[in-house]
Amino acid sequence: MAPKYVSKYFTFTASAICQLSAGLAYCFSLYSDALKTHFGYSQQQIEGVGSACNLGGYLSLPSGLFYDWLASRGHNHLGPRLTMGIGAACNILGYLALWAGASGRVDLAYWQVVASTVLACNSGAWVDAACLVTSTRNFPGERGTVIGILKSTLGLSASIWTALYVGLFQPHAIDFLLFLAFAPAVLTLVGLFFINFVPFVQANESLAPKRFMTAIQVLLALGVYQMATAIMEQSASLALGPRARQVITLGTLLLVSATALVPWGTGGLWAVPAGELSPRDAAAPDEAAAEEAARLRREGQEVADGEAERPLLREADSTAEQGKGQGKCAEAEPEPDLTPLQCLRCLDFWLLFFACTIGMGSGLVLLNNLGQLVAALGGTQGPAVYVSLFSIMNCAGRIAFGYIPERMLHERGTPRPLFLVGAGLGTAAIAALAAFADLRALYPITILAGAAFGAHWSLMPALTSELFGLRHFASNYSLVQFAPAVGSFGMATKLAGYLYDREAGVEAEEEGEERTCIGVHCYRNTFLCTAALNLASTRAIIPSPEAGRGRLKGGIAQQAGSPPSQARKMNGHSAEHRAQLGESRAGSPPDIEAPRVRANQSGCLDLLKERVQALSLPTWDQISRALALLMWLLVYPVWRPIRVFFRTYTLGNAEG
């Protein structure tokens, strides 16, 4: 008996809800003061615990490798569910240990608090890997929209848990730790039963764009509601009592529950393969399929009655016939299927990593320093309103740059890497404006910066899946996800901190006061450096007409102007139908990555070797050593916080 699969729509909805438990790392500020007070930590020690929280949130490589290992063995049910189960276990053990220590039930040493924090915050990485990768594999032709929705849900999770804290627990942060130990885990454990990879084309799959639009509308309403309530909380004229905060919390929960409308009318809980509809469903007109057929007719393609997707099958068949006739040439251009080690030796990986490091690091420069920036510009209300504006636009940017590039790719053949160029140039322009902005201009700058930051978060996983394939997507995405961690430490902490201290030091020497900077010039050099770095990272991924190019640059140069039918092939549709026809490789999950037209392109390593030979540059061996040195420079910042932990722990024991 063939196994039954939960519908892709129910899997997507459960993934969106479970993503709410994947952003708990952003809630550290809610209970950091309670930890500091109970354990008697210094500011340096509590910052070490905060760094451990960030480290746990970004340490997603183990979860990615584990997910891919199970997926490679065909565990379509067990793979994502076991991954999420491990995340729930990490959540319970980590937060329960923190609660037991903070409530005085057990005595925890500093290193034990750090380890518990890493474990608790790492739970989100396991949940994110299972939800994001499974839904992306289920809807490869809508990967941008899927990623944008799920990432925006994760981005809003912190504000939702904050609303629960304010409405139900404030100021009892230690009790809130006990709540965090079980509530997110229960949400994950219930949701995991609906998570599975469906290895065939599901009936009514053409309804996906409309159902995703429902999810987008719910998320936008939730984001606006969260921003409005945050402004109300900060308003001096509104004194909200406990009952009003509970009502606000209830409204948040009602909006979250509205995501259950997404699978409404999609055919029930269980997935039904295309072509196996009941007579009643087969006789019912499929509105979305009719629209697809009309669009294909406008493009000049023949469509049989009730078979809107048949042209895609013919495209797949013609592609296969061309492959048979091309012989070795067809074999030289395989579909992308790179392992993590192959990605580390691929130029495209480092281009994408560099662009995301600079782009996301630039957003974190503004976000992490909003308090000092508002004070430097003469603000007196604090950064709360600006943080709320940044958060809602972060959510909007994730949705927009997931949905719009997907629609442009389908309808006009616009390559997705082109939007990464736009996001980089936009971030550079925003940083240049911020260098000369006063307090009034900080409002629109914060809005634009939040949108650009969210754009990078949606484009990063979508491009990772397109450039390196879906077979090892979880592991490859985990590697690229180190980019915001490197950007946060290198740009938001080191670069911004150094330049601010230099400006504050000059002012302090002139006025004989403490090192505090006031004025527009305080962060001017920081934002100018940020703008220059964004221009450099954007220029690195723009192809030059005389040089060879990899898949990332080639996507900009070659996919631009591609007809919509070719764009659909590039994004996974024809491969989906090959999976339906049973043409996937035996003994492995169906390959749902799209075939790509890559004329005059070879593998990443061959491309680099050709460049070396053509331009008479240093040998490949020397370039490999240079890449190894670059990798060490990127990894080195991760080791410094670990050294700080040990030093702080030693210092704490000496003081004790």
Side-chain angles (χ1 to χ4, degrees), residues 6 10-28 30-31 53 56-57 63 66-67 77-103 105 116-132 134-135 150 153-170 172-196 218-219 222 226 246 249-263 269:
V6 176
F10 278 89
T11 293
F12 170 77
T13 304
S15 297
I17 295 176
C18 289
Q19 282 287 79
L20 296 177
S21 62
L24 296 179
Y26 302 114
C27 298
F28 177 74
L30 297 178
Y31 53 85
C53 184
S63 59
F66 183 78
Y67 181 97
H77 293 90
L78 180 64
R81 294 175 183 178
L82 187 56
T83 304
M84 294 180 66
I86 294 176
C90 292
N91 184 92
I92 294 174
L93 294 176
Y95 281 108
L96 196 59
L98 288 177
W99 169 79
S103 61
R105 285 169 171 78
S116 299
T117 305
V118 171
L119 185 65
C121 296
N122 188 241
S123 62
W126 294 84
V127 176
D128 182 45
C131 294
L132 184 71
T134 303
S135 293
L150 295 183
T153 306
L154 188 150
L156 284 174
S157 61
S159 64
I160 293 173
W161 293 107
T162 300
L164 292 174
Y165 168 74
V166 171
L168 303 177
F169 293 96
Q170 194 178 34
H172 305 292
I174 295 179
D175 294 337
F176 183 63
L177 280 174
L178 182 61
F179 177 74
L180 289 181
F182 292 103
V186 170
L187 185 67
T188 301
L189 292 174
V190 172
L192 66 83
F193 290 103
F194 298 91
I195 309 294
N196 58 214
V218 171
L219 286 176
L222 180 61
Q226 289 296 106
Q246 292 173 3
T249 302
L250 179 61
T252 300
L253 296 177
L254 289 176
L255 284 174
V256 170
S257 64
T259 54
L261 297 174
V262 173
L269 176 63

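The structure places CG of L150 at 11.5 Å from CD1 of I17, a figure rounded to the nearest 0.5 Å. Rounding to the nearest 0.5 Å gives a distance of 9.0 Å between OG of S63 and CD1 of I86. With rounding to the nearest 0.5 Å, the separation of CG in L222 from CG in L253 is 10.0 Å. Here the OG1 atom belonging to T83 is positioned 10.0 Å from the CG atom belonging to L192, to the nearest 0.5 angstrom. To the nearest 0.5 Å, the span separating CH2 on W126 from CZ on F66 amounts to 6.0 Å. Here OG1 of T134 is found 13.0 Å from CZ of F12. Values are rounded to the nearest 0.5 Å.
In this structure a side-chain-to-backbone donor-acceptor pair under 3.5 Å is present from T249 to A163. Side-chain atoms of N91 do not come within 3.5 Å of backbone N or O of A120 as any donor-acceptor pair. In this structure a side-chain-to-backbone donor-acceptor pair under 3.5 Å is present from R81 to I195.
Summarising the geometry of P80 relative to A130, their closest heavy-atom pair is O-CB, 3.5 Å, with the distance given to 0.1 Å. Listed here is the closest heavy atom pair of G87 and S123: O-CB, 3.0 Å. The two residues Q226 and S159 have their closest heavy-atom pair at NE2-O, 2.9 Å. For the pair G167 and Q246, the tightest heavy-atom approach, listed with the atom from each and the gap, is O-CG, 3.4 Å. The minimum heavy-atom distance between C18 and G191, with the atom names listed, is SG-CA, 3.7 Å.
The stretch residues 12-26 participates, sequence neighbours left out, in these side-chain hydrogen bond (donor to acceptor under 3.5 Å, both in side chains) pairs: S15-S135, Q19-D128, S21-T188.
At a threshold of 4.5 Å between non-hydrogen side-chain atoms, the residues T252 and L164 do not count as touching. Two residues are said to be in side-chain contact when any heavy atoms from C-beta on lie closer than 4.5 Å; L255 and V218 fail this criterion. In this structure the side chain of W161 reaches within 4.5 angstrom of the side chain of P184, judged on heavy atoms. L178 is listed as a side-chain neighbour of L96, based on a closest heavy-atom distance under 4.5 Å. Side-chain atoms of F169 and L30, non-hydrogen and from C-beta on, never get closer than 4.5 Å to each other. Counting heavy atoms from C-beta outward, W99 and R105 have side chains that approach closer than 4.5 Å.
Applying the side chain to side chain donor-acceptor pair (under 3.5 Å) rule to S116 yields no partners; only residues at least two apart in sequence or on another chain are considered. Take Y67 and apply the ring pair (Phe, Tyr, Trp, His ring centres under 6.0 Å) test, not counting sequence neighbours, and it matches no residue.
In this structure, F10 and F194 have parallel ring planes: the angle between them is below the 30° cut-off, well short of the 60° mark.
For F182 and F179, the gap between ring centers reaches or exceeds 6.0 Å.
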